[in-house]
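Worksheet: one structure, shown below.
Just so we're clear, the structure is a prediction, and the values are computed from it rather than from any experiment. Note that these values count all heavy atoms, side chains included, but never hydrogens, waters or copies made by symmetry. Whatever order the structure lists ligands and atoms in, that order sets their numbers, starting from 1.
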Amino acid sequence: MENIETICAVSTPSGEGGIGIVRLSGPDAHKVLKAIFRKAKGGGDITSRRMYLGHIVDPEHSEQIDEVFAVFMNAPLTYTREDIGEVYSHGGLAVQRRILSVMIRCGARLAEPGEFTKRAFLNGRIDLAQAEAVLDIIESETDEELGHAIKSLEGVLSKKINGIRNQLRRALVEVEALIDFPEEEIDVDEKEVLAGVECAEKEIAALADSYYEGNAVKHGLEVLIVGRTNVGKSSLLNALLARERAIVTPLPGTTRDMIEDTIHIMGIKVRIVDTAGFGLPRDIVEREGLARVKRKIPEADLILWVVDGSRPYSDEDREVCEEIGKRRKIVVINKTDLPRLLEIDIPPESPISGIEVSALREEGIEALKTAIYEALMSKERRANAILVTNLRHKDALSRALTAARNAVSGLKRQEPAEFIAFDLRDAGQCLGEITGEAWTDDILHDIFSRFCIGK
Ligand code: GDP
């Protein structure tokens, strides 16, 4: 049997805090805790799942290190499914370092990053997608992000993946029957097999597609403010951020490079980027600024094309329009506080008609935020669907989708059953990578090295 070591780590952030938690996990957790903890009242053993007040002492010279609470939890109903000890000490670097050092002297070793969660996975308490959700919860900045991470931790994504895998497995059983008994009259309803695989394919595609929005929830999206000079781009950035971020002056060409900042719109992280204005560049800096905007336009998730409502449509506006082309955009008609002189035909391919705002008076900004949200997010997402937020999962889903598609076309073209079985197995294996049915040391290393020590 493998020799399992007992690990220890500080599980709270390092630095000063009201309390700090030092955690132990492994077969010697009880022994180590007993060696270093003295109850304040009464002797006797440390019973599982009871919180005791007492002291951590250095067993060598019985010196008290800190007054603490301590708890022991016996396996298997623990985070790691191993015996766990936790010490709630004062939250200071020196204190916690000393507690760790006595734990190590009594037989524990320092945990690697994410090792507690890795053990929870290896001991079968959670699957790999759930282990990754733990990290997502820790890193969540918005309620939206947190909501999706908690759903994943509860196993919503894993259940969905397992459901699709079962569907593929049922099809595989039928197809394998054709391989094993080619001569016999076996009753395989090929239409039903095809329908099953097609259904699985659709579900994989939907999950893979949700990555765009899942990624938006996790990493944010980029919204580029573009337009000719002096239409109010910088003012709009400031109004969206509700603070003075960019310099606003009546002089054209104040913003010569990109200025960006992040806001949250209904739980989505949105990076708003103000750019240099279109117009005849007066110097080399302006020329480079404009070249950068043009390079950036194709990469942005959404473009806010700002036009000045108080001035006639100009050649420069036309140039901006041509540069944006068919990119996803919202036309923002600014300066509605001034008399309207602009006559603009909103391009018919624009999904959203113009939003009128006054950046100066901060009017129409909420409507613009709603429009940004709607342009970025599809209906499914608003209906609270399962979202794939993890690139590793997206990659596995894309490979599963290719394999499932091959199986569907193979079935339609009545290719040899061996080929179809190969694709079905391949699709199933790719999906298995998500939940960790099939894992390698490299995969585990990639995932858990992103955790902090103590989780
Ligand atoms: P940019 O060159 O497109 O970034 O434009 P700025 O934000 O620097 O604004 C150019 C000028 O237009 C400044 O004098 C702003 O005060 C003015 N401005 C911006 N937004 C509005 C608005 O909504 N109404 C009015 N009346 N003036 C505005």
Side-chain angles (χ1 to χ4, degrees), residues 222-263 265 270-297 299-300 302-325 327-344 346-347 350 352-372 375:
E222 190 167 76
V223 174
L224 212 57
I225 305 181
V226 299
R228 67 174 171 79
T229 49
N230 259 1
V231 289
K233 296 183 294 304
S234 300
S235 307
L236 186 66
L237 174 79
N238 291 342
L240 283 166
L241 299 175
R243 64 194 164 87
E244 301 287 308
R245 175 70 173 81
I247 300 169
V248 174
T249 71
L251 306 172
T254 325
T255 310
R256 300 170 134 221
D257 200 359
M258 320 261 174
I259 297 180
E260 65 170 75
D261 217 323
T262 304
I263 55 170
I265 301 181
V270 180
R271 260 191 331 279
I272 311 258
V273 188
D274 180 22
T275 63
F278 278 62
L280 210 55
R282 288 167 307 179
D283 58 33
I284 183 167
V285 182
E286 281 192 3
R287 190 171 312 126
E288 177 54 26
L290 197 55
R292 284 187 190 188
V293 185
K294 290 184 179 173
R295 282 202 296 272
K296 193 104 179 148
I297 285 175
E299 294 166 11
L302 177 70
I303 288 162
L304 302 185
W305 172 23
V306 187
V307 287
D308 186 338
S310 70
R311 311 195 59 181
Y313 197 62
S314 68
D315 286 346
E316 286 153 354
D317 289 316
R318 205 162 287 120
E319 191 193 337
V320 182
C321 180
E322 275 165 20
E323 196 66 41
I324 297 170
R327 309 283 316 160
R328 204 173 348 178
K329 66 179 157 296
I330 296 176
V331 183
V332 183
I333 303 167
N334 190 28
K335 310 197 187 180
T336 51
D337 53 295
L338 298 175
R340 176 79 173 250
L341 276 181
L342 178 82
E343 283 177 30
I344 179 177
I346 304 296
S350 171
I352 291 164
S353 54
I355 303 280
E356 301 195 352
V357 303
S358 167
L360 192 71
R361 295 194 185 165
E362 298 188 5
E363 285 165 7
I365 301 300
E366 283 314 306
L368 177 59
K369 284 186 182 173
T370 308
I372 292 174

| note | For L338, the atoms of ligand 1 under 4.0 Å from one of its heavy atoms are 26 (N)
| request: Find the distance between CD (E316) and OG1 (T229) and round it off to the nearest 0.5 Å. | output: 5.5 Å
| query | Is the shortest distance from a Lys or Arg side-chain nitrogen in E222 or K296 to a carboxylate oxygen in the other one below 4.0 Å? | reply | yes
| request: Verify the neighbour count for atom CZ of R311: are there more than 12 heavy atoms of other residues, nucleotides or ligands below 6.0 Å? | output: no
| said: For ligand 1, which is the ligand I care about here, please tell me if V231 has any N or O atom under 3.5 Å from one of the ligand's N or O atoms. | reply: yes
| For K233, the ligand 1 atoms whose distance to one of its heavy atoms is below 4.0 Å | 1 (P), 2 (O), 3 (O), 4 (O), 5 (O), 7 (O)
| Nitrogen or oxygen atoms of S234 and ligand 1 under 3.5 Å apart | yes
| field | Sole candidate of D337, T336, N334 that passes side-chain hydrogen bond (donor to acceptor under 3.5 Å, both in side chains) when paired with S358 | value | D337
| field | Nearest candidate to atom 20 (N) of ligand 1, where distance is taken over non-hydrogen atoms, out of D274, N334, D337 | value | N334
| task | Taking atom types as modelled, find out whether S235 and N238 have a side-chain donor-acceptor pair closer than 3.5 angstrom. | result | no
| said: List ligand 1 atoms under 4.0 Å from G232, heavy atoms only on the residue side. | reply: 1 (P), 3 (O), 5 (O), 6 (P), 7 (O), 9 (O), 19 (C)
